[in-house]
There are 2 protein chains.
Amino acid sequence: MIDQRNTITRWVSLLYRYGQMYIGERLKGHGIGKGQHIFLNALYKEDGLSQEELSSYLKIDKGTTAKALKKLEAQGYVLRQVRKEDKRSYRVFLTEKAWRIKDEVRGVLTDWRHILSDGLTEEEQRLALELLEKMGGNAARFNEENDKTPKA
Amino acid sequence: MIDQRNTITRWVSLLYRYGQMYIGERLKGHGIGKGQHIFLNALYKEDGLSQEELSSYLKIDKGTTAKALKKLEAQGYVLRQVRKEDKRSYRVFLTEKAWRIKDEVRGVLTDWRHILSDGLTEEEQRLALELLEKMGGNAARFNEENDKTPKA
DNA sequence: TCAAAATAGTTGCACATGCCACTAATTACA
DNA sequence: TGTAATTAGTGGCATGTGCAACTATTTTGA
């Protein structure tokens, strides 16, 4: 009668923390912290996004985004161009230096996925992603619905 | 050909961060931070553990454990008794105040699980836990194996 | 037996993260 | 058109987390 299902939260916590440790360890040689790789990877997919777009896509607070990009800029991995059509916002571009380590940075995530997938069938791996996606979608939706920006 | 599977890490990150936000929001009225509930829940399952046992069970750094328990003690939710048979270690006990809110604290996790499970069948929920467990086990095992405490 | 190694816990540091208040720019609308 | 509301980004603060160095105690083994 023990409600083991509560432990979904515990496993997620463990997976997140260990994943961050792994990524941080693998990337620290490049001066990239564990809080920055997610932005690099997003930009590898689509370069030139604004901070707002990155925040919204990754569901990460815009303050956190600003700080991470500041570090990436300081390390020479991104540069920010003010948009001429809206001077409030930037377009964030990867530099040559960032493109050079693309395979390595992406490889870190691939390797971590392989570590996690040990002993899982292809079908199980597909299912794991599908279920995480559903639960993540639920979490994001819930969060949005409860972000009651009360009018007046 | 886009390797969506890398995004396992992204979903885990989202689930972790949103979960922490939800838990923190629900418990802040009791003066319990999002970093402490996991220890309360572990102690509800088994009271009187040492900090080392909690750290090892939850796979959380012993420094983090020490700080979380210090806060819980300051708020009156736990008390720590030095073991007579080993004066280096404590036994951590829940107080009456902690037992009084047990259902509420556990309910937070149950509610969060329900939010995440929206639209999932019973079978999918079972599978999700099973797969998280396997991946979490892989992560923990990997971490242990690579914790090479080099002997001399 | 007693010195060295191991263990439980603490503390300081670095960093990631969310929230909030703020600025500058843009958009809406009376 | 001009003021109010909205939006993109920044900076400060609080908290959570891991790591490494440290203390006190216990265990090991020569």
Side-chain angles (χ1 to χ4, degrees), chain A residues 13-25 27-28 31-39 49-56 58-75 78 80-92 143 147 149-152, chain B residues 13-14 16-25 27-28 31-39 49-56 58-75 78 80-92 143 146-147 149-152:
Chain A
S13 159
L14 187 153
L15 285 166
Y16 176 75
R17 291 179 295 104
Y18 278 13
Q20 291 290 90
M21 285 157 69
Y22 179 78
I23 292 164
E25 177 63 28
L27 292 179
K28 76 175 176 200
I32 300 170
K34 54 191 188 304
Q36 287 114 58
H37 88 280
I38 194 170
F39 296 98
L49 294 171
S50 69
Q51 298 189 186
E52 168 59 26
E53 287 165 328
L54 282 166
S55 282
S56 151
L58 299 171
K59 308 291 183 197
I60 284 180
D61 177 76
K62 61 182 184 167
T64 304
T65 299
K67 286 155 203 159
L69 291 176
K70 200 173 173 184
K71 290 196 182 178
L72 284 171
E73 192 171 46
Q75 296 284 331
V78 306
R80 292 184 286 178
Q81 256 175 22
V82 171
R83 283 184 206 237
K84 48 243 141 281
E85 69 272 25
D86 183 345
K87 296 199 209 69
R88 285 171 307 180
S89 66
Y90 294 115
R91 280 165 70 79
V92 182
N143 189 266
D147 177 25
T149 315
K151 57 264 348 238
Chain B
S13 159
L14 187 152
Y16 175 75
R17 291 179 296 105
Y18 279 11
Q20 291 290 90
M21 285 159 69
Y22 179 78
I23 292 165
E25 177 63 28
L27 291 180
K28 75 176 178 200
I32 299 170
K34 54 191 186 305
Q36 286 115 57
H37 88 281
I38 195 171
F39 296 98
L49 293 172
S50 69
Q51 298 188 188
E52 167 58 27
E53 286 165 330
L54 282 165
S55 282
S56 151
L58 299 172
K59 308 290 183 199
I60 285 179
D61 177 76
K62 61 183 185 166
T64 303
T65 299
K67 286 156 202 159
L69 291 176
K70 202 172 170 184
K71 289 196 182 177
L72 284 171
E73 191 171 46
Q75 297 283 333
V78 305
R80 292 184 287 177
Q81 257 176 22
V82 172
R83 283 183 207 238
K84 47 244 141 281
E85 69 274 23
D86 183 345
K87 297 199 208 69
R88 285 172 307 182
S89 67
Y90 294 115
R91 281 166 68 81
V92 182
N143 189 268
N146 287 64
D147 177 26
T149 315
K151 58 264 345 241

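Remember, it's a predicted structure, so these values are computed and weren't measured experimentally. Chain A is the first sequence line, chain B the second, and so forth, proteins listed ahead of strands; every chain is numbered from 1.
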Task: 5'-most by nearest nucleotide on DNA chain C - B:Gln51 or A:Lys62 - done: B:Gln51
Output the rounded distance in Å from [atom1] ([X]) to [atom2] ([N]).
X: B:Leu49; N: C:dA8; atom1: CG; atom2: P; value: 13 Å
X: A:Lys59; N: C:dT17; atom1: NZ; atom2: P; value: 16 Å
X: B:Leu14; N: C:dG18; atom1: CG; atom2: C1'; value: 14 Å
X: A:Tyr18; N: D:dG18; atom1: OH; atom2: P; value: 8 Å
X: A:Glu52; N: D:dT10; atom1: CD; atom2: P; value: 12 Å
X: A:Leu69; N: D:dG11; atom1: CG; atom2: C1'; value: 15 Å
X: A:Gln81; N: D:dA8; atom1: CD; atom2: P; value: 18 Å
X: B:Arg91; N: C:dA8; atom1: CZ; atom2: C1'; value: 15 Å

Within this structure, what is the [atom1]-[atom2] distance for the pair [X] and [Y], rounded to the nearest 0.5 Å?
X: A:Glu85; Y: A:Arg91; atom1: CD; atom2: CZ; result: 7.5 Å
X: A:Leu72; Y: A:Ile32; atom1: CG; atom2: CD1; result: 7.0 Å
X: A:Thr64; Y: A:Phe39; atom1: OG1; atom2: CZ; result: 7.0 Å

All N/O pairs under 3.5 Å across the protein-nucleotides 15-17 of chain D interface:
unit_1: D:dG16; atom_1: OP1; unit_2: B:Lys34; atom_2: N; d: 3.3
unit_1: D:dG16; atom_1: OP1; unit_2: B:Gly35; atom_2: N; d: 3.2
unit_1: D:dG16; atom_1: OP1; unit_2: B:Gln36; atom_2: NE2; d: 3.0
unit_1: D:dG16; atom_1: OP2; unit_2: B:Gln36; atom_2: NE2; d: 3.2
unit_1: D:dG16; atom_1: OP2; unit_2: B:Lys71; atom_2: NZ; d: 2.6
unit_1: D:dT17; atom_1: OP1; unit_2: B:Tyr16; atom_2: OH; d: 2.8

Any protein N or O atoms within reach of nucleotides 24-27 of chain C? Criterion: under 3.5 Å, listing atom names and distances.
unit_1: C:dT26; atom_1: OP1; unit_2: A:Lys87; atom_2: N; d: 2.9

- [ ] May I ask you to say what A:Arg80 touches in the nucleic acid, namely base, sugar-phosphate or nothing, with a heavy-atom cut-off under 4.0 Å?
- [x] sugar-phosphate
- [ ] Pick base, sugar-phosphate or nothing for A:Ser50, based on heavy-atom distances below 4.0 Å to the nucleic acid.
- [x] sugar-phosphate
Listed by chain and number, what are the side chain to side chain contact (heavy atoms under 4.5 Å, CB included) partners of [X], not counting sequence neighbours?
X: B:Glu52; answer: B:Ser50, B:Ser56
X: B:Asp86; answer: B:Arg88, B:Ser89
X: B:Glu73; answer: B:Val78, B:Arg80

Report the residues that fulfil side-chain hydrogen bond (donor to acceptor under 3.5 Å, both in side chains) with [X], sequence neighbours left out, ordered by chain and then residue number.
X: B:Lys87; value: none
X: B:Thr65; value: B:Ser55
X: A:Glu25; value: A:Lys28
X: B:Ser13; value: B:Arg17

- [ ] Sequence neighbours left out, what passes ring pair (Phe, Tyr, Trp, His ring centres under 6.0 Å) with B:Tyr18? Give chain and number order.
- [x] none
- [ ] Identify, with sequence neighbours excluded, every residue that meets ring pair (Phe, Tyr, Trp, His ring centres under 6.0 Å) alongside B:Tyr16.
- [x] A:Tyr16
- [ ] May I ask you to verify if any side-chain N or O of B:Tyr90 is less than 4.0 angstrom from the OP1 or OP2 atom of C:dT10?
- [x] yes
- [ ] Check whether any side-chain N or O of B:Tyr22 sits under 4.0 Å from OP1 or OP2 of C:dG18, and answer yes or no.
- [x]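 For B:Tyr22, the contact criterion (side-chain N or O under 4.0 Å from OP1 or OP2 of C:dG18) is not met.
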Open item on the list: Based on the rotation axes of five pairs at each end, what angle does the helix from C:dT1-D:dA30 to C:dA30-D:dT1 bend through, to 10°?
Closed with: 10°
